[in-house]
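Heads up: the structure comes next, in structure tokens.
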Amino acid sequence: MTTGPRFRFAPSPTGSFHVGGARTALQNWALARRLGGTFVLRIEDTDEARNRPEWTQGIIDALAWIGISSDDAHFEGPHFQSEYAEAHVAAARTLFDSGLAYYCDLTAEQIQQRAKEQGLSGYDGYSRDRGLEPAPGRVLRFRVPPGTTIVNDLVRGDVSFDNDTIEDFVLLRSNGTPVFLLANVVDDIEMAITDVVRAEEHLPNTPKQQMLWQALGHTPPRWAHVPVLVNEQRKKLSKRRDKVALEQYRDDGYLADAMVNYLMTLGWTPPGAEAAGSEIVPWVEIEAAFRLEDVTHSPAFFDVKKLAAFNGDYIRLMSPDEFVERAGQELPVEWDRKRFVAIAPHIQERLTTLREVPDKVDFLFWPEGSDVEYDPDAWAKAFAPEWAIALLGDVIEAYGDSSWSADDLKSALEAVMERYSIKLGKAQAPVRVAVTGRDVGPPLFESLEVLGRDETLRRLVNAASAAGGDTANVGR
RNA sequence: GCCCCCAUCGUCUAGUGGCCUAGGACACCACCCUUUCAAGGUGGCGGCACGGGUUCGAAUCCCGUUGGGGGUGCCA
């Protein structure tokens, strides 16, 4: 165990890993490593999650994907909340014995009733001095002291709460089980956590937690509440409405590096990014520079468009070998890898996600002799000019005995198109549609080179015939 | 209702009293390049919510207004 600060990340398993959680995890991770501390993963093992171990595993896998892995020295865990269950109750007992907490037998209805009568919003402290002993049906409440609680937050500075506005909150339910707030604090104490970095939504709970730390005889940790991530409606990202599952982005072909980089730019800018004119910054630099004090105070919109832009940049940053390796994983197994290697350099700079790879190159892998499926619009546009069919015929003839390299194929087409006084941009359209069925795609001549003479000619002839041209004498 | 947080281009942000004629990134638009589409290059559009102070000077400090968001469980 290292001796530096101890950062905890305490996600609740819900079946998918939230991008917001990923960001706080990353922030904790960056700090723990930079400061020579420890990243402690404490997973909340709720009843529901206990029946679905894959949920917990999902968190671990997701963290590993973004580079937070137990293989690293600065990692401790996962720990589970239940591992400290006895300590939770013991802590509550201590508080009761020392008079810092008391039992109350009011039901929720009664509390509501009293609040209504007095025009208050919550519990009024009715049982504070009634000296009730523990008994089934009674809850243990924390005796909130008078005064003011000041939370010193690394991101926001001092935030002060008037204790009068904090009701005597429940520690132990009437069935004797501890509530989350207590469990959380006790876990943090047990784990000797020194720094709590989490989303801003937890800020209002913090004075309660801080009071508990103190009541339990411990110095509270350093707090830091980073702004939440929101959707286009400026609402906190929710699983129901928004695409928030990190796994989903992973499966959609986003790169971990791009995701990590993008997530870290939400609420924070790497120093030097402005001078460099780019926010694409490697993790090592982020880790070396990230400071809580520099984090923005306002919520940030999770912009998939910008994520996509980052992703495209990261794809272009890959070495050719790496790209072939990564992109190859997206291809159907039966596709010839050698063929893909030949075309790979030409699609690498045309992608925003790896997921798009198959659709870009599929025309190279259609089964031999299969028909090209022409996109109607592309076809109509390509064969609208009156010269299109004739040009196709000429191309077929020229390609019949051209040497089969991209350069020569280009020259051959250029020679043909001169007869029609058109530019290359136009001339290549019918050829492209004939061969790929579409009007956009990787560079044409390189594609043809990879496709090979026989298949190219076959498709050209088929297209010419489909377009109504007489191909009977072509290629003789 | 009560409590807390927040407020710079469409979005993410730089800015910590003079360097701001408010900078960068993404998006968008135009042009260049060009073998379609991209990529790349160049340029452009576009913002300090409002009102009062403080100060020689305010995006920056203070107060208020308005507007957002979050929290308010015997949920986690």
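The sequence lines fix the lettering, A, B, ..., with proteins before strands; numbering per chain opens at 1. Hydrogens, waters and symmetry mates play no part in the numbers below; they use all other heavy atoms, side chains included. Every value quoted in this text rests on a predicted model; they were computed, and no experiment measured them.
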Integer-rounded Å distance: B:rC12 P and A:I280 CD1: 18 Å
With no hydrogens and no angle check, do the side chains of A:T149 and A:N163 hold a donor and an acceptor under 3.5 Å apart? yes
Provide, to the nearest angstrom, the distance between the NE2 atom belonging to A:H202 and the P atom belonging to B:rC6. 17 Å
Side-chain (A:N311) to main-chain (A:L255) donor-acceptor, under 3.5 angstrom: yes
Can you tell me the Watson-Crick or wobble partner of B:rC28, both distances under 3.5 angstrom? B:rG44
Expressed as a whole number of angstroms, how long is the span from A:L263:CG to B:rU13:C1'? 15 Å
Using a heavy-atom cut-off of 4.0 Å across all strands, would you classify A:F161 as base, sugar-phosphate, or nothing? sugar-phosphate
Quick one: label A:G312 by what it contacts on the DNA or RNA (base, sugar-phosphate, nothing), any heavy atom closer than 4.0 Å. nothing
Counting only Watson-Crick pairs (N1-N3 plus N6-O4 or O6-N4) and G-U wobbles (N1-O2, O6-N3), all under 3.5 Å, who is the partner of B:rC2? B:rG71
Who is the Watson-Crick or G-U wobble partner of B:rG64, with both distances under 3.5 Å? B:rC50
Would you classify A:T296 as touching base, sugar-phosphate or nothing, given that sugar-phosphate means primed atoms plus P, OP1 and OP2, and contacts are heavy atoms under 4.0 Å? sugar-phosphate
If each of A:V139 and A:S298 is mapped to the nucleotide of RNA chain B with the nearest heavy atom, which maps nearer the 5' terminus, i.e. the 5' end? A:S298
Whole Å only: how far is the NZ atom of A:K235 from the P atom of B:rG71? 11 Å
What nucleic acid atoms does A:R432 come within less than 4.0 Å of, heavy atoms only: base, sugar-phosphate, or nothing? base
Give the rounded distance in Å between these two atoms: NZ of A:K116 and P of B:rC2. 18 Å
Hey, does the side chain of A:R173 come within less than 4.0 Å of B:rC75's phosphate (OP1/OP2), counting only N and O? yes
Expected output: side-chain A:R143 to main-chain A:D168 donor-acceptor under 3.5 Å: no
Classify the nucleic acid contact of A:L106 as base, sugar-phosphate or nothing, counting any heavy atom under 4.0 Å across all strands shown. base
Would you mind classifying the nucleic acid contact of A:V159 as base, sugar-phosphate or nothing, using non-hydrogen atoms under 4.0 angstrom? sugar-phosphate
Using a cut-off of 4.0 Å on non-hydrogen atoms, how would the nucleic acid contact of A:P207 be classed: base, sugar-phosphate, or nothing? nothing
If you look at every strand shown and take non-hydrogen atoms under 4.0 Å, does A:L203 touch a base, only sugar-phosphate, or nothing? sugar-phosphate
Interatomic distance where CG belongs to A:L229 and P belongs to B:rG68 [whole Å]: 21 Å
What distance, rounded to whole Å, do you find between the two P atoms, one in B:rU8 and one in B:rG47? 14 Å
Using the C1' atom on both, measure B:rA38 against B:rC33 and round to a whole Å. 13 Å
Taking atom types as they are modelled, is there a donor-acceptor pair under 3.5 Å from the base of B:rC74 to the side chain of A:S174? yes
Count the heavy atoms of every other residue, nucleotide or ligand shown that sit under 6.0 Å from CD of A:E330, and state whether that count exceeds 12. yes
Interatomic distance where CG belongs to A:L181 and C1' belongs to B:rG73 [whole Å]: 12 Å
Whole-Å P distance, B:rC63 and B:rA25: 36 Å
Would you say the ring centers of A:F302 and A:Y249 fall short of 6.0 Å from each other? yes
Return the 5'-most residue of the pair A:L266, A:R316 with respect to RNA chain B, ranking by each residue's nearest nucleotide. A:L266
Using a heavy-atom cut-off of under 4.0 Å over every strand shown, decide if A:F445 touches base, sugar-phosphate, or nothing. base
Roughly how far apart, to the nearest Å, are B:rC26 and B:rG44 at atom P? 16 Å
Measure the distance from CG on A:N184 to P on B:rC75 and round it to the nearest whole Å. 16 Å
Let's see if you can work this out: which of B:rC74, B:rU36, B:rG70 has an atom nearest to the side-chain heavy atoms of A:P443? B:rU36
Mind checking the C1' distance from B:rC45 to B:rU55? Whole angstroms is fine. 35 Å
For the residue pair A:S82 / A:D45, report whether a side-chain donor-acceptor contact shorter than 3.5 Å exists. yes
Straight-line distance of A:L424 CG to A:M417 CE, nearest 0.5 Å: 5.0 Å
Which value, in whole Å, describes the distance between the C1' atoms of nucleotides B:rG51 and B:rG18? 24 Å
So, are A:E279 and A:K306 salt-bridged, with charged N and O less than 4.0 Å apart? yes
Taking the P atom in each of B:rC5 and B:rC9, what is the distance between them to the nearest angstrom? 22 Å
For A:E446, answer base if it contacts any base atom (sugar-phosphate contacts may also be present), sugar-phosphate if it contacts only those atoms, and nothing otherwise; contact means non-hydrogen atoms under 4.0 Å. base
Taking only N and O in the side chain of A:R234, is any of them less than 4.0 Å away from OP1 or OP2 of B:rC12? yes
Spacing of the C1' atoms in B:rG46 and B:rC29 (rounded, Å): 11 Å
Does A:R141 make a cation-pi contact with A:Y123, if we ask for NZ or CZ under 6.0 Å from the ring centre and within 45° of the axis? yes
For the residue pair A:F96 and A:Y103, is the inter-centroid distance of their aromatic rings smaller than 6.0 Å? yes
By the 4.0 Å heavy-atom rule, please label A:R438 as base, sugar-phosphate, or nothing. nothing
Does A:K236 reach a base, just sugar-phosphate, or nothing at all? Heavy atoms under 4.0 Å. sugar-phosphate
Distance test, side-chain N/O of A:H297 to OP1/OP2 of B:rC6, below 4.0 Å: yes
Whether the side chain of A:R350 and the base of B:rU36 hold a donor-acceptor pair under 3.5 Å is what I'd like checked. yes
If pairing means Watson-Crick or G-U wobble with both distances under 3.5 Å, then the partner of B:rC33 is none
Atom pairs under 3.5 Å: protein N/O with N/O of nucleotides 24-26 of chain B:
from, atom 1, to, atom 2, distance (Å)
B:rG24, N2, A:E279, OE2, 2.7
B:rA25, N3, A:K306, NZ, 3.1

Decide, yes or no, whether a salt bridge links A:R8 with A:D187 under the criterion of side-chain N to carboxylate O below 4.0 Å. no
Base, sugar-phosphate alone, or nothing: which one does A:A429 contact when heavy atoms must sit under 4.0 Å apart? nothing
